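Working notes for the structure below.
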Amino acid sequence: MTLLFAFPEQAALGEALVKTSGFEQGAWEWRHFPDGKSYVRILSKVKLKPVIILCSLNRPDEKTLPLTFLVHTLKELGAGKITLIAPYLGYMRQDKRFNDGEAVTSTIFAKLLSGFIDALITIDPHLHRHAKLEEIYACECRVLSAAPLMAQWIAKHVQNPFIIGPDKESEQWVKDVTRRANAPYVILDKTRRGDREVDIRLPDVQHYKKHTPVLIDDIISTAATMIKAIELLRLQEFKQIVCLATHGVFAENAYERLLKMGNVKIVTANTIPHASNAMDVASLLAAGK
Ligand code: R5P
């Protein structure tokens, strides 16, 4: 039977997967020594058993080292195939050397993880300049899509939606959702000026005056993208606006800044636990394992 080891942040999702997928709950301990170093101990018998590790790679700098210790120890103890389910896969956005001397972290991180895991399952990874994960990950890869969950949420909660993708990259998710939700869509033109600053051009959307705008993106990080798009929609007198994203990373006070805009419904999937979670990826992961 496959053993599932969940990182603490993902305990609830891990329990849901154990219930629905017939995995056995793996027991392990991760704590910190007084000097901040990680202590990892595996408590379950793992010899010859396939293993799934559930760990979203938001805040990847603090999770990657314990993940490395966990996987290496599982291997030393004779575990079988090791699959990492990372509902959110970090380090996908720096997929190019934009300025001289920069580390292309998407590729380096992929090489690091592929060096010790056998397979990777993730949801809506930020594939932009890399067309598929296999271009950078040397292990078996499986990409799942939250589009069906988004389309279901929209069908249930939004009357007369019109879908907005804030940038060219979002078109891949937006097209899929609009096809399923049977709604019209527009893609905006975004230029990133810095970590927390974007410029966006909104085309003429007067035609959709009687619709409810639903902004769809893979990630909300600083929320600069969503905030700029909302400001432009407000200038066109759209009042109630919906922001839908697979991964609510919410860096710094991003969520509070979005809430402050008023009349904005913010909805994310539970790839990263957050108050805005309203789309459950458990069944998606259970079906895609
Ligand atoms: C961009 O390339 C992504 O699809 C998202 O639009 C971006 O990650 C959102 O970042 P932020 O919330 O910082 O604008």
Side-chain angles (χ1 to χ4, degrees), residues 56-61 86-99 102 104-107 109-110 122-133 135-136 143-147 149-150 163-178 185-203 213-234 241-261 264-269 271-272 274-277 279 281:
S56 253
L57 288 165
N58 53 315
R59 304 194 315 279
D61 293 16
Y88 169 67
L89 181 62
Y91 277 124
M92 285 299 291
R93 293 202 299 166
Q94 182 84 25
D95 55 0
K96 172 185 157 176
R97 187 167 290 120
F98 298 93
N99 298 295
E102 282 178 352
V104 183
T105 47
S106 59
T107 309
F109 192 60
T122 189
I123 304 173
D124 294 344
H126 187 80
L127 289 168
H128 182 198
R129 275 160 284 254
H130 305 303
K132 46 188 184 150
L133 279 184
E135 280 180 17
I136 52 172
V143 168
L144 305 172
S145 163
L149 298 178
M150 289 189 170
I163 316 278
I164 304 171
D167 50 31
K168 198 83 195 93
E169 298 101 280
S170 66
E171 192 159 7
Q172 52 187 307
W173 302 286
V174 166
K175 265 191 176 167
D176 197 4
V177 176
T178 49
Y185 77 93
V186 291
I187 300 294
L188 311 187
D189 185 11
K190 177 174 106 180
T191 311
R192 186 165 283 281
R193 300 265 169 237
D195 293 349
R196 297 173 182 77
E197 206 187 326
V198 297
D199 280 344
I200 294 184
R201 281 194 317 125
L202 185 71
V214 181
L215 285 154
I216 288 191
D217 214 344
D218 57 336
I219 305 166
I220 304 176
S221 181
T222 66
T225 302
M226 288 294 185
I227 289 173
K228 180 56 89 182
I230 293 166
E231 283 169 357
L232 293 171
L233 287 165
R234 286 273 153 79
I241 294 165
V242 180
C243 293
L244 218 58
T246 308
H247 312 293
V249 172
F250 297 118
E252 299 161 345
N253 57 350
Y255 186 58
E256 291 68 29
R257 288 173 51 236
L258 259 179
L259 286 179
K260 257 198 198 147
M261 312 250 354
V264 180
K265 176 85 186 148
I266 308 154
V267 172
T268 61
T271 59
I272 299 170
H274 187 263
S276 61
N277 291 167
M279 296 179 287
V281 296

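In listed order, ligands and their atoms are each counted from 1. Note that the structure is a prediction, hence the values are computed from the model and not measured. Along the sequence shown, residues carry numbers from 1.
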If a pair satisfies side-chain hydrogen bond (donor to acceptor under 3.5 Å, both in side chains) and one of its residues is in residues 249-261, list it, with sequence neighbours excluded.
Arg196-Glu252
Does Arg129 have any side-chain contact (heavy atoms from CB on, under 4.5 Å) partners at least two apart in sequence or in another chain, and if so, which?
Asp95, Lys96, Phe98
Considering only heavy atoms from C-beta outward, does the side chain of Ile136 approach that of Tyr91 to under 4.5 Å?
no
Evaluate the side-chain proximity of His128 to Met92: yes if any heavy-atom separation is below 4.5 Å, no if none is.
no
Is it true that the side chains of Ser56 and Thr271 contain a donor and an acceptor less than 3.5 Å apart?
no
Within the heavy-atom cut-off of under 4.0 Å, ligand 1 is lined by Arg93, His126, Asp167, Glu169, Lys190, Arg192, Asp217, Asp218, Ile219, Ile220, Ser221, Thr222, Ala223, Ala224, Thr225
Kindly list each side-chain donor-acceptor pair under 3.5 angstrom involving residues 215-226, sequence neighbours excluded, with atom names and distances?
unit_1, atom_1, unit_2, atom_2, d
Asp218, OD2, His126, ND1, 2.6
Thr222, OG1, Ala224, N, 3.1
Thr225, OG1, Lys190, NZ, 2.9

